[in-house]
Amino acid sequence: MSTLAMVVVGIMSSCSDDTPTTGTICIVFSSWEREWNKQVTFTVRPIEKEDYIIKTAKLDIFKKNYIEVNPGNYIVDCQVQSAKPPKYFLHEPVQIQAGKTETFTLSK
């Protein structure tokens with residue numbers, strides 16, 4: 001490999017920025033009723049503005065659910081919408097760091 005090719009490869013590899021900018025919340029379910037699949041709602045809210053929803057989604061109780069968010073301090077909620085009144089299984093503060101995953105295992 002010529003010196004020029006080695007310099008170009010070195011410059012190209014130093015230009016790529018692989019620094020993570022988001023973190024991940026992982027929700028895992030243990031011992032849940034089949035009929036509750038896709039009825040569990042996940043919500044992320046900033047701690048300082050709990051009335052503002054960052055993300056919301058229906059979760060699959062048969063797999064790990066990954067939700068990507070920006071670094072920050074959040075309240076994480078999981079509830080079964082079809083239960084009357086809605087049943088909460090998670091209402092926890094969480095600090096998300098770039099490149100890190102925070103995992104919650106929910107059992108009913």
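No experiment lies behind these values; they were computed from the predicted model shown.
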Can you tell me how far apart [atom1] ([X]) and [atom2] ([Y]) are? Round to the nearest 0.5 Å.
X      : Y      : atom1 : atom2 : value
Tyr74  : Glu48  : OH    : CD    : 8.5 Å
Ile96  : Ile54  : CD1   : CD1   : 11.5 Å
Phe42  : Lys58  : CZ    : NZ    : 13.5 Å
Leu106 : Ser30  : CG    : OG    : 9.0 Å
Asp60  : Asn37  : CG    : CG    : 4.5 Å
Leu90  : Thr105 : CG    : OG1   : 10.5 Å

Given Arg45 and Asp51, is the salt bridge (Lys or Arg N to Asp or Glu O under 4.0 Å) satisfied, shown in steps? CA-CA 7 Å; Arg45 306 167 194 271; Asp51 58 335; over 6 Å; no

Full working for side chain to side chain contact (heavy atoms under 4.5 Å, CB included) between Val69 and Lys55: CA-CA 8 Å; Val69 294; Lys55 289 206 176 188; 4.2 Å; yes

Phe104: partners by ring-ring contact (aromatic ring centres under 6.0 Å, His included), with sequence neighbours left out: none

When clusters are formed from ILVMFWY side-chain contacts under 4.5 Å, directly or step by step, what else is grouped with Ile53? none

Linking directly or through intermediates, with side-chain heavy atoms under 4.5 Å: list the remaining ILVMFWY members grouped with Ile75, chain and number order. Ile47

Please answer: with hydrophobic residues joined when any side-chain heavy atoms are less than 4.5 Å apart, are Ile25 and Tyr66 in the same cluster? no

Ignoring hydrogens and geometry, is there a side-chain-to-backbone donor-acceptor pair from Trp32 to Phe62 under 3.5 Å? no

Asn73 side chain vs Gln95 backbone, donor-acceptor pair below 3.5 Å: no

List for me each residue that meets side-chain hydrogen bond (donor to acceptor under 3.5 Å, both in side chains) alongside Glu68, sequence neighbours excluded, and say none if there are none. Thr22

Does Gln97 have any side-chain hydrogen bond (donor to acceptor under 3.5 Å, both in side chains) partners at least two apart in sequence or in another chain, and if so, which? none

Derivation and outcome, side chain to side chain contact (heavy atoms under 4.5 Å, CB included), residues Ile27 and Ile67: CA-CA 8 Å; Ile27 306 289; Ile67 300 93; 4.3 Å; yes

Does Thr43 reach the side chain of Val76, with side-chain heavy atoms less than 4.5 Å apart? no

Does the pair Leu59 and Ile61 meet the rule for a side chain to side chain contact (heavy atoms under 4.5 Å, CB included), with working shown? CA-CA 6 Å; Leu59 302 180; Ile61 66 172; 5.8 Å; no

Using the side chain to side chain contact (heavy atoms under 4.5 Å, CB included) criterion, which residues pair with Pro71? Sequence neighbours excluded. Ala98

